[in-house]
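Quick caveat, the model's predicted, so the values are computed rather than measured. For this chain, numbers begin at 1 and follow the sequence in order.
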Amino acid sequence: VFQPKTGSTLVTVSAVSARALCTCLSAVNRLVRPSSLSFARRRHRPSTLTHQRFKPVFAVAVLLLVGVEINPGPAMSQIVVGTLNARTAVGHTAELHDLIQSESLDILAVCETRVRPDAPPAISHDLAPSGYTAINVPRPDGRSGGGLAVIHRDHYNVAPFRLTVTPTTFEVMAVKFATKGERYVLVNVYHPPSQGTIVKFLGELCDLFDALCHVDGHVMIAGDFNSP
């Protein structure tokens, strides 16, 4: 959480291949409940999440939150990626810039920017310090709070990545980029603590993971899941 008066907590992000993501999710499900849902590169899957599937999927969410990596993927020693819940970046751009520069971040995924959809372009531009660009995705319905952004160094060719899911219990954006012949997709998630039931949230999170199994490249998942 970004707290300008008391400091900030920054989480670094590692990449895994889409195939490794599927393998990790299936392995966790087998360990927790052998008859539970398996994850694979497939065209269709059930869209509902029953109480019998709740426990294994929740375990997956916990693994992601605590940073357990079954397969950390290729070394990204030349790229420093972080994730941060800003709890409003508007009015705190100086602290945000200082954090990016002091940590020598190449890419930062930000949650709760609280930039409104009707805000002038200058507000989005101000999120990024000199030499960086911000890709801003405000909360589309105009409600206060929320909002996502990815801030990256200008020399990385970062572009929006279209996801095939449209969740209702959390906000999500994705970007793609390549470096040294490797392709990456960075997914930024913000789940408001009071948005939907936990079962519905985990069901939609499961759908997102399933869609990411089809990504050609390495996957990074960042953000604030607000999971109990």
Hey, does the side chain of [X] reach the backbone of [Y] with a donor-acceptor pair shorter than 3.5 angstrom?
{"X": "Arg116", "Y": "Ser144", "answer": "no"}
{"X": "Asp106", "Y": "Val80", "answer": "yes"}
{"X": "Glu171", "Y": "Gly146", "answer": "no"}

Measuring from [X]:[atom1] to [Y]:[atom2], what's the distance to the nearest 0.5 Å?
{"X": "His218", "Y": "Glu182", "atom1": "NE2", "atom2": "CD", "answer": "3.5 Å"}
{"X": "Thr113", "Y": "Asn136", "atom1": "OG1", "atom2": "CG", "answer": "5.0 Å"}
{"X": "Leu212", "Y": "Ile221", "atom1": "CG", "atom2": "CD1", "answer": "5.5 Å"}
{"X": "Leu84", "Y": "Asp224", "atom1": "CG", "atom2": "CG", "answer": "10.0 Å"}
{"X": "Ser130", "Y": "Gln101", "atom1": "OG", "atom2": "CD", "answer": "8.0 Å"}
{"X": "Tyr132", "Y": "Tyr156", "atom1": "OH", "atom2": "OH", "answer": "9.5 Å"}

Checklist entry - Do Gln195 and Thr169 get their side chains close enough for a donor-acceptor pair, meaning under 3.5 Å? => result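 No, no side-chain donor-acceptor contact under 3.5 Å.
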Item to check | Pair Thr93-Asp126, side-chain donor/acceptor within less than 3.5 Å | outcome: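 No, no side-chain donor-acceptor contact under 3.5 Å.
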Check whether any side-chain heavy atom of [X] sits under 4.5 Å from a side-chain heavy atom of [Y], and report yes or no.
{"X": "Phe177", "Y": "Ile79", "result": "yes"}
{"X": "Phe161", "Y": "Leu186", "result": "no"}
{"X": "Val150", "Y": "Ile107", "result": "yes"}
{"X": "Pro129", "Y": "Ile100", "result": "yes"}

Next on the checklist: Closer than 4.0 angstrom, basic N to acidic O: yes or no for Glu112 and Arg114?
Outcome noted: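 Counted as a salt bridge, because a side-chain N and a carboxylate O are separated by less than 4.0 Å.
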Checklist entry - Between His191 and Phe201, how do the two ring planes meet: parallel, tilted or perpendicular, split at 30° and 60°? => result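 Rings of His191 and Phe201: parallel, under 30°.
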Next on the checklist: By the definition side chain to side chain contact (heavy atoms under 4.5 Å, CB included), identify the one residue from Leu127, Asp154, Val158 that meets it with Thr133.
Outcome noted: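 When side chain to side chain contact (heavy atoms under 4.5 Å, CB included) is applied between Thr133 and each of Leu127, Asp154, Val158, only Asp154 qualifies.
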Item to check | Option from Leu148, Val172, Leu108 for which side chain to side chain contact (heavy atoms under 4.5 Å, CB included) with Asn188 holds | outcome: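 Among Leu148, Val172, Leu108, the one that satisfies the side chain to side chain contact (heavy atoms under 4.5 Å, CB included) with Asn188 is Leu148.
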Determine the minimum heavy-atom distance between [X] and [Y], stating which atoms define it.
{"X": "Ser124", "Y": "Ala134", "result": "O-CB, 3.6 Å"}
{"X": "Cys111", "Y": "Gly223", "result": "SG-CA, 3.6 Å"}
{"X": "Arg139", "Y": "Pro117", "result": "O-CG, 3.1 Å"}

Checklist entry - How far apart are the C-alpha atoms of Met173 and Ile135, what are their side-chain angles, what is the distance that settles it, and do they pass the side-chain contact (heavy atoms from CB on, under 4.5 Å) test? => result CA-CA 10 Å; Met173 68 174 293; Ile135 300 176; 4.0 Å; yes
Item to check | Step-by-step side-chain contact (heavy atoms from CB on, under 4.5 Å) determination, Thr168 to Lys200 | outcome: CA-CA 9 Å; Thr168 61; Lys200 185 175 181 181; 3.4 Å; yes
Next on the checklist: side-chain contact (heavy atoms from CB on, under 4.5 Å), that's the test. Do Val165 and Asp210 meet it? Break it down for me.
Outcome noted: CA-CA 10 Å; Val165 295; Asp210 194 45; over 6 Å; no
Next on the checklist: Could you walk me through whether Phe170 and Leu208 satisfy the side-chain contact (heavy atoms from CB on, under 4.5 Å) test, starting with their C-alpha distance in whole Å, then the side-chain angles of each, then the deciding distance to 0.1 Å, before giving a yes or no?
Outcome noted: CA-CA 11 Å; Phe170 60 90; Leu208 173 63; 4.0 Å; yes
Next on the checklist: Taking atom CG as the centre, does Asn157 end up with more than 12 heavy-atom neighbours from other residues, nucleotides or ligands that are less than 6.0 angstrom away?
Outcome noted: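 For Asn157, atom CG is not crowded (no more than 12 foreign heavy atoms under 6.0 Å).
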